[in-house]
Amino acid sequence: MVSRRAHVLAILAAFVLDLAVTGGLFAIGNIEKKDPHATKYESETSDTFSCCLIRLVVFPLMSLLALVVHRRTASPQSRPCTATSASDLRVPLAELPISSTSTGSARSNSSGSSGSSSSEKTVFEMNLDHALLMKRADRRKEVVMMMLFAISTGMSFYNGIKCIVFHYDANYLVLQGTLQAITMIMINVEYFMLKNVLNKFTEDQGELIPHMHMHPLFFQTELKCHRCAVCGDSMKRPHYVAHICRSCNFGLCPRCYKQKDKTSAKGFGAWSVRRAGEQITTWTYFKRIVLIALDFWPTLVAALACLVIVQLLQILTPNVQGSIFDGIIAFLQHPESGRGHFETAMLTYVVVNVLQGCFSGLKALAQELVQRRMACSVRLQLFASVIRMDIAFFDTMHTGQLTSRLTNDAGEMTQPLNTLMNDLLANVLLLVGGMLMAFRTSWKLSILSLTIVPPITYSYRAYAHWARKVRLSIQCAMGEANSTATDAISNIRTVRGFSTEEFESGNFSDSINTSLGHGVRNAYVGASMTAFTTYLNLGTAVLILWYGGQQVCDGNGQMSIGSLITFQLYWNMMNNAFISLGNVFNDLIRSSSAAERVFSLIDARPDVNPDEGEVVTRESVKGHLQLKGIQFWYRSRPDSLVLKGIDLDLHPGTSTALVGKSGGGKSTLVNLLMRFYEPTAGDILLDGRNTKTLSSKGVRQCCGFVAQDTQLFSCSVEENLAYGLGRDYTKEELIHACKAANVHEFILDMEEGYDTRVGEKGIMLSGGQKQRLAIARCFLRRPRMLFLDEATSALDAENEAMVQAALEKLISELRSTVVLIAHRLSTVINATQICVVHKGAIMEHGTHEELLKTGGVYSQLVSRQLSRDASAVMDAKGKQCEIDGLIEEMETTGGLHLEQ
Ligand SMILES: Nc1ncnc2c1ncn2[C@@H]1O[C@H](COP(=O)(O)OP(=O)(O)OP(=O)(O)O)[C@@H](O)[C@H]1O
């Protein structure tokens, strides 16, 4: 990082150089006093001198003024917030998630932070006030700097015009011309440096919270449709506040920001996916995209070679065209000798065009090939990275956002190659080549024309900076719209059931309209930019034709008609190249926003790398699991300790049932055993080895798992059964597993048997059928460790008994270690040990008989079931099991007649 002092010293050096150049021009003017044109020299040089002095005084003073204006506006003491700004903002603050509870219970409920103090509200208000003041201060600073920019542009134009009317001495022509050109450069360099140093002195430092994110975070309002990178929640109305990183795509909602002082927020580091100290800019993404393209370097080199040839031919064309016109004029003046000149020029023109067509085709082909391969490579990398992420990552990431990154963003971010070659490289070549040729044709006209370059450059830079933010907002809004649509469509039955179609449409249109709003603003500003640059170009064209035409009319041989036409063509070429370069910025910026999202995912690394650690296989594992002092909290809820020191010993060939109230932590425990998450404290040992040292992929390959919400893929029954098996299987094996899970008959009843497609997420099957398929999938796997999370909850008593029997067989045959979570006592009664999990701890454990004897929670549960005390059941699911029991009993006693 360059220090402020270095910036100031650089500006002083620039001023000294400017003064020296002006001194040089002035001195040459004085040497030539004896010349008949001495007065003219003196007046021109003294004029240059006064302009320089104005620059040395006015430029720093204006910058100082901008600094003072910024400081005074940004200081809360000197400018308290007015009624129409910050105080207005304060009023609805009570509705914000982090507002104090003192304002009412409804608010405290919505905030979910009943412990918030009123001082927190003040800090939040202060942040809002500060953000508002900084915004206003920046705007005022920009107004002063715009005035300075207008002055520097005026000076630049003045100097350009002076260059062409200046009476050069033949002896010092090169020196004087060079000094004039340097003066023009210095005017722009000084403005640029002053602006930079001013930004350095006025920039907001942000807040660095290293354990959360490696770049400083800035409090910002109006971030509608942006999502918190940690909890995945959208920023809330009315101010849509977030603490965002200006370097990468990271934003914290106020609620997650409140966790910043807690040590438990350590896990948030997974989101800071950049290497330490790396500053992410458009340029960074640009470099990375180039690096991806380099993977296909032979085709790329061919495309580049063709491009260079095409551009060189294009640069040659105006020269040949000028020669044709000069040839025509020579032919008119001297028909004998002029004809040859004309014919040679025409022949050259034809050859150049034929070659240009041929190489353009080759370039297009090579480029298309590289681009398609690149898109493929990015999508593969992105998916590979996403699919390897921790489950915790998916807890905080919305499916809609992820798919949007895979499809839209991944496609858009590969566009830069096109932009890079067709626009950037091609136009840079045209610009440089055109400039050299233009200087060769008329250096004075060239300097005059170049005066418009700085205003266009600065305008594009400012626009590009602004447009980047707008593009990001548009993408966020589109991502939000995607998420809403995905949510609504995948939960369409719930949406229809609750008649929330209008609510969902409202949410969708909210995001779409936000994106439209940003797009419309972008269109207006973009159009103004186009109009501005068009007028600048038009002015320059008028100047060229006016001054060039005069030189041709003077007839002193300084310029021929052909040269004027050639210059005009070169100028048009440079101009078009320059305008296209502006579009390059826009395209690169658009792609860089997409790249920002894609690379942030490609760079993300899981906390646990599935391939790291000692490899274990089904054959080498016995399945003895030991849990020692396991503690755990979810990263997205670091405040609540879900497991509070669990100790358990699970022997091979045994089954352990986890029972207890909903939310007690049973599924979480199974998730840890499956290594979906790593324990926050304590160790899990597999056959005496800490699982942290084992490859999580290997461990999972020894496991079978049936989740609460049975997950099937949109493919055939057989493909679902063999999913992730990793070995060959026989039809007999498959049928045996299905028979054990009592699913074989039902599969055969379907039209296409094992080839029947089950639909998206198994939509064509009933809950019980899906569960039985998932159990059969586990049986086919013959796992060392089997985890069943309410895997039989949707089965009737008969089916459940059959599955139980199959489980018994699995345990005795394979000596598998089985952990099952169930709410029905009938499911757990035969387990080797039963653990009652309550509020993250194991309250009691033992066999059914042992637990009945202790007279604890378990025995109370059993006795309440037996006494059919419906009001004393443990939970909603407890009620369900009583009803099941009642139904069974009534069926056997003949008291219940079910309609067929
Ligand atoms: N992905 C998650 N992120 C944050 N908190 C979670 C997550 N999953 C579960 N929790 C919380 O952890 C606690 C324990 O949940 P868990 O699913 O382990 O309970 P359970 O005993 O299995 O409940 P049930 O019997 O209803 O399935 C609950 O308070 C729950 O809200």
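Indexing begins at 1, ligand by ligand and atom by atom, following the structure's order.
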*List the atom of F508, the atom of T484, and the distance in Å for their closest heavy-atom pair.*
N-CG2, 3.9 Å
Which atoms of ligand 1 have any heavy atom of [X] under 4.0 Å away?
X    : value
G665 : 14 (C), 18 (O), 19 (O), 20 (P), 21 (O)
E790 : 25 (O), 27 (O)
V642 : 12 (O), 13 (C), 14 (C)
S667 : 17 (O), 18 (O), 20 (P), 22 (O), 27 (O)

_Using the ring centroid of each side chain, check whether F503 and F498 are separated by less than 6.0 Å._
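Between F503 and F498, the centre distance exceeds or equals 6.0 Å.
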*Look at the aromatic rings of H651 and H624 and report parallel, tilted or perpendicular, splitting at 30° and 60°.*
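Rings of H651 and H624: parallel, as their planes differ by under 30°.
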_So that I can tick it off, tell me whether D683 and K692 are bridged by a salt bridge, with the cut-off set at under 4.0 angstrom between side-chain N and carboxylate O._
yes
*asked:* Quick check for you: to the nearest 0.5 Å, what is the distance between L658 atom CG and I821 atom CD1?
replied: 5.5 Å
*Examine the proximity of ligand 1 to T668 and report which part, side chain or backbone, both or neither, has a heavy atom under 4.0 Å away.*
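Both backbone and side chain.
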